[in-house]
Amino acid sequence: MFRIATWNVNSLRVRLTHVLDWLATNQPDVLALQETKMTDDLFPVQSFEQLGYQAIYSGQKTYNGVALLSKLPLQSVATSFPGYADPQKRVLCATVKKIAVLNLYIPNGSEVGSEKYQYKLDWLSQLQAYARQLLQTHTHCILLGDFNIAPTDEDVHDPVEWQGKVLCSEQERASFFNLIDAGLKDCYHLFPRQDNRFSWWDYRAAGFRRNRGLRIDHILADTALATHCTSCRIDVAPRKLEQPSDHAPVLAEFDI
DNA sequence: ATGGTAGTTCAACTA
């Protein structure tokens, strides 16, 4: 059995006890974190070691930052797409059990047509190339993280309100399905959909209380590995705690 | 038509 999860924690400093509690309860083999918002010298390595997790991380001050926590040995780490120099720390790749695990914090994009949106599209085209490379060079691949893309209207609380907006625009969605077409499955879709189950809710305007959410955090597995997936669920429990992240963790299980 | 909150950092930015 292999259990892997993703969680945008929106500051690991603030969310450390939430993450430690969640690890202790759910016992994933691997947890991918996004938006750690801390430099590597401040990463709380020992807190995770005490729970039996090795940590690798690529962080920066104030923004972004990704990490992988693992009970199993991690190998061949990469912290960027080859040939794409990005000062923003959004990528962390390692192999676990001969699976290439790619932890992603895809840019938000701010607003359709903005400079940040163009950066997102450029970044996504870099991801396309790297994902294809990984799929060719590794028997198994898992891409997971905060994709900042709601793939279809089913993933949006109010598709009319969100139509054409960032996270839902045609170009972003096309890029997501282009990635799927490279040979990946959205593990969430391998099981009956939990109605109106989202992974992110805006802190503003009581987004969570009103379930005004989007499903933008994903776990994708290569088609062969996907046949071994036995569950994939969004865990909203941590979103109900005091001082929660605006994202909920997503957890998938494989019988390998 | 554009606010609402949260985190980092301490005025303004990102989400």
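Source: prediction; values computed, not measured. Below, chains carry the letters A, B, ... as their sequence lines are ordered, and counting in each starts from 1.
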>> Both A:P107 and A:T36 contact DNA chain B. Which one's nearest nucleotide lies toward the 5' end?
In response: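 Between the two, 5'-proximity favours A:T36.
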
> Want to settle it: does A:G109 or A:K37 sit nearer the 5' end of DNA chain B, counting the closest nucleotide to each?
Replying inline: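 Final value for this comparison: A:K37.
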
> Can the positive tip of A:R90 be found less than 6.0 Å from the middle of the six-membered ring of A:Y105, inside 45° of the ring normal?
Replying inline: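 Relative to the ring axis of A:Y105, which defines the angle, A:R90 lies inside both limits.
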
> How about A:D235 and A:W7: does a side-chain donor come under 3.5 Å of a side-chain acceptor?
Replying inline: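 The answer is no; no qualifying pair exists.
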
>> Whether the A:W162 and A:H157 side chains hold a donor-acceptor pair (N or O, under 3.5 Å, no angle test) is what I'd like checked.
In response: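 Yes, because at least one side-chain N or O of A:W162 sits under 3.5 Å from a partner of the opposite role on A:H157.
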
Starting from [atom2] on [N], measure out to [atom1] on [X] and report it in whole angstrom.
X      : N      : atom1 : atom2 : value
A:Y203 : B:dT8  : OH    : P     : 10 Å
A:N108 : B:dA6  : CG    : C1'   : 14 Å
A:D246 : B:dG7  : CG    : P     : 9 Å
A:M38  : B:dT14 : CE    : C1'   : 17 Å
A:R204 : B:dT5  : CZ    : P     : 9 Å
A:Q60  : B:dC13 : CD    : P     : 17 Å
A:E35  : B:dC13 : CD    : C1'   : 13 Å
A:K61  : B:dT9  : NZ    : C1'   : 8 Å

> Where the side chain of A:T62 is defined as all heavy atoms beyond and including C-beta, which of B:dT8, B:dA15, B:dT14 is the nearest nucleotide?
Replying inline: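 Nearest nucleotide to the side chain: B:dT8.
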
Separation of the [atom1] atoms in [N] and [M], to the nearest angstrom:
N      : M      : atom1 : answer
B:dT2  : B:dA6  : P     : 23 Å
B:dA12 : B:dA1  : P     : 27 Å
B:dT9  : B:dA15 : C1'   : 16 Å

> When you check the phosphate oxygens OP1 and OP2 of B:dT8, does a side-chain N or O of A:R13 lie under 4.0 Å from one of them?
Replying inline: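 Yes.
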
> If only side-chain N and O atoms of A:Q88 are considered, is one of them under 4.0 Å from the OP1 or OP2 phosphate oxygen of B:dT14?
Replying inline: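 False: A:Q88 side-chain N/O out of range (4.0 Å or more) of B:dT14 OP1/OP2.
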
Under 4.0 angstrom, heavy atoms only, what part of the nucleic acid is [X] near: base, sugar-phosphate, or nothing?
X      : result
A:R15  : sugar-phosphate
A:F208 : nothing
A:R90  : sugar-phosphate

> Parallel under 30°, tilted from 30 to 60°, perpendicular over 60°: which one fits the rings of A:Y57 and A:F43?
Replying inline: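 Judged by the thresholds at 30° and 60°, the geometry between A:Y57 and A:F43 is parallel.
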
> Where do A:F48 and A:L20 land on the side chain to side chain contact (heavy atoms under 4.5 Å, CB included) test, with the steps shown first?
Replying inline: CA-CA 7 Å; A:F48 294 118; A:L20 294 171; 3.7 Å; yes

